[in-house]
Amino acid sequence: MKICLDAGHFGKYNKSPADARYYESKAMWDLHLKQKQYLEAYGIQVVTTRASQEADRKLYDRGAAAAGCDLFISDHSNAVGTSVNNAVDYPAAYCAINGSADGIGMALAQCVEVVMGTRQEARIEHRRGDRGDYYGVLRGATAAGVPGLILEHSFHTNLEAVRWLLDEANLDRLARAEADTIALYYNISQPIPGKKSGWHEEEGGWRFYLGDTGKPVTNAWYQDGEDWYWFDRNGMMVHDTWKTDSKGVWYYLGSTGAMAKNEWVLWKNELYRVEKDGRLFEGSMELETDSRGALKIAFSG
């Protein structure tokens, strides 16, 4: 099985009027990464619509990114106007109007109701627009032939709901329960025994295991979130060294193993510059100071 997860919104978007610490965009980004982890533990292949929380993508394109998947889920928290409203807290799944996601949508909305302990019952809804589904992500998923739904995790205009969602342990519990619900709905009864997923500290270093295979990344580049890493033939993450890609371009892997980007690198007492995409700068530099003595650098390729 293959699922496409979409974290609703990007950057700092939809700040809660009930608690200024909460942004829908940030909470749902964190939630969808946890969902990915627990789904992969079942052997379910998971793709996401964006590589980083700061990146934006057109709504239709997010849904269309689910092509080849069995399900598309866009994670959100709902709102009633722009002020605090503690009377409304129901979870809802806005499902594609063709009905293809109604069953799993209702199951997931009820899961949110139980785990969050909302006062109002879960529901599914459909919203039609001039071009079919009102929501662009659902139009995109439907066009790709994939059942799609928007899962609203209660309301960020509700103080109690917001404070619940701000607790990372609660988010983790919610993500695990939603993964369990999906697995149960699609008759994947138990996590695949012995299959590792994600980062594991082993043999004095770090390996990254692919949830769909249970095997570590070996002798290859791998992107986790917005960062790139290189793993040797034994699956160990390398760090504090240089590595080339297939085109012979050099990149520096820092102390955390993540590729350095847009910064200076001090290596063996020599200073190097890496560009925004991480590649080693190999042009020329003109160094001078301004009237205050601050260093100015001009690059030429």
Side-chain angles (χ1 to χ4, degrees), residues 1-8 28-51 57 60-76 91-115 122 124 133 135 137-153 171-200 208-217 222-225:
M1 183 175 187
K2 186 177 181 181
I3 295 177
C4 181
L5 295 179
D6 174 57
M28 295 302 106
W29 177 265
D30 293 344
L31 177 65
H32 101 301
L33 293 182
K34 294 178 184 295
Q35 290 170 334
K36 182 176 185 292
Q37 173 190 345
Y38 289 120
L39 288 168
E40 287 176 340
Y42 275 99
I44 297 171
Q45 185 179 357
V46 180
V47 296
T48 58
T49 59
R50 293 177 294 136
R57 191 172 186 181
Y60 182 92
D61 293 343
R62 293 187 188 191
C69 293
D70 301 290
L71 180 65
F72 170 83
I73 301 173
S74 185
D75 288 315
H76 290 259
Y94 288 86
C95 299
I97 59 175
N98 62 14
S100 60
D102 285 5
I104 184 61
M106 189 72 245
L108 285 169
Q110 288 177 334
C111 172
V112 177
E113 176 193 341
V114 171
V115 176
I124 60 170
D133 277 289
Y135 297 104
V137 290
L138 299 186
R139 286 200 307 275
T142 298
V146 180
L149 64 98
I150 296 170
L151 186 57
E152 299 281 5
H153 295 81
L171 277 188
D172 188 81
R173 187 157 58 94
L174 184 59
R176 183 191 293 269
E178 289 173 345
D180 291 345
T181 298
I182 291 169
L184 180 63
Y185 185 86
Y186 290 100
N187 296 316
I188 305 172
S189 59
Q190 294 292 331
I192 298 175
K195 272 201 173 183
K196 295 180 181 178
S197 177
W199 290 98
H200 288 265
F208 189 92
Y209 287 83
L210 301 172
D212 54 337
T213 66
K215 297 179 181 180
V217 179
Y222 187 79
Q223 185 178 17
D224 181 34

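The structure presented is a predicted model; accordingly, all values stated were derived computationally and were not measured.
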Next on the checklist: What verdict does the side-chain contact (heavy atoms from CB on, under 4.5 Å) test give for His200 and Phe208, after you've listed the backbone C-alpha separation in whole Å, the side-chain angles of each residue and the deciding distance to 0.1 Å?
Outcome noted: CA-CA 6 Å; His200 288 265; Phe208 189 92; over 6 Å; no
Next on the checklist: Please check this pair: side chain of Glu113 against backbone of Ala122, looking for a donor-acceptor N/O pair closer than 3.5 Å.
Outcome noted: yes
Item to check | Stepwise side-chain contact (heavy atoms from CB on, under 4.5 Å) check, Tyr42 with Asp180 | outcome: CA-CA 9 Å; Tyr42 275 99; Asp180 291 345; 2.7 Å; yes
Checklist entry - Taking all non-hydrogen atoms of both residues, which atom of Ala96 and which atom of Ser100 are closest, and how far apart? => result CB-OG, 4.3 Å
Checklist entry - Among all residues two or more places apart in sequence or in another chain, which pass the ring pair (Phe, Tyr, Trp, His ring centres under 6.0 Å) test with His153? => result none
Checklist entry - Is the closest side-chain heavy-atom distance between Leu149 and Leu71 below 4.5 Å? => result yes
Next on the checklist: Using side-chain heavy atoms (C-beta onward) and a distance below 4.5 Å, is Cys69 in contact with Ile3?
Outcome noted: no
Checklist entry - Is there side-chain contact between Ile73 and Ile104, with heavy atoms separated by less than 4.5 Å? => result no
Checklist entry - Any chance the side chains of Asp224 and Trp199 put a donor and an acceptor closer than 3.5 Å? => result yes
Checklist entry - Checking side-chain contact (heavy atoms from CB on, under 4.5 Å) for the pair Leu39/Leu5: CA distance, chi angles, key distance, verdict? => result CA-CA 11 Å; Leu39 288 168; Leu5 295 179; 4.2 Å; yes
Checklist entry - Quick one: are Lys2 and Ile44 in side-chain contact, heavy atoms under 4.5 Å? => result no
Checklist outcome for this item: To the nearest 0.5 Å, atom OG of Ser74 lies from atom CD1 of Ile150 at 5.5 Å
Item to check | Heavy-atom pair of closest approach, residues Arg57 and Ala65 | outcome: NH1-CB, 3.8 Å
Checklist entry - Where is the tightest heavy-atom contact between Gly148 and Leu138, given as atom of each residue plus distance? => result C-CD2, 3.5 Å
Checklist entry - With a 4.5 Å limit on heavy-atom distance, are the side chains of Val112 and Glu178 in contact? => result yes
Item to check | Heavy-atom pair with the smallest gap, counting every atom of Ala144 and Ala64 | outcome: CB-O, 4.1 Å
Checklist entry - What's the shortest heavy-atom distance between Tyr185 and Ala107, and which atoms? => result CD1-CB, 4.4 Å
Checklist entry - Which residues satisfy the side chain to side chain donor-acceptor pair (under 3.5 Å) test with Arg139, sequence neighbours excluded? => result none
Checklist outcome for this item: Value for CE (Met106) from OG1 (Thr181), rounded to nearest 0.5 Å, stands at 11.5 Å
Item to check | Heavy-atom check, side chain of Asp75 versus side chain of Trp29, under 4.5 Å | outcome: no
Checklist entry - Residues two or more places apart in sequence or in another chain: which of them pass ring pair (Phe, Tyr, Trp, His ring centres under 6.0 Å) with Tyr135? => result Tyr94
Item to check | Student check: side-chain heavy atoms of Leu171 and Lys34 closer than 4.5 Å | outcome: yes
Checklist entry - Under the 3.5 angstrom rule, does the side chain of Arg62 hit a backbone N or O of Asp6 as a donor-acceptor pair? => result no
Item to check | Atom pair NZ (Lys196) and CD (Glu40), whose distance is rounded to the nearest 0.5 Å | outcome: 15.5 Å
Checklist entry - For Val46 and Lys36, which heavy atoms make the closest approach, and how far apart are they? => result CG1-CG, 3.6 Å
Next on the checklist: How long is the straight-line distance from CZ of Arg176 back to SG of Cys111, given to the nearest 0.5 Å?
Outcome noted: 12.5 Å
Next on the checklist: Between Thr49 and Phe72, is there a side-chain heavy-atom distance shorter than 4.5 Å?
Outcome noted: yes
Checklist entry - Roughly how far, to the nearest 0.5 Å, is the CD atom of Gln45 from the SG atom of Cys4? => result 11.0 Å
Next on the checklist: Side chains of Asp70 and Tyr186 only: does a donor on one sit below 3.5 Å from an acceptor on the other?
Outcome noted: no
Item to check | Residues Tyr38, Asp172; criterion side-chain hydrogen bond (donor to acceptor under 3.5 Å, both in side chains); working and verdict | outcome: CA-CA 9 Å; Tyr38 289 120; Asp172 188 81; 2.8 Å; yes
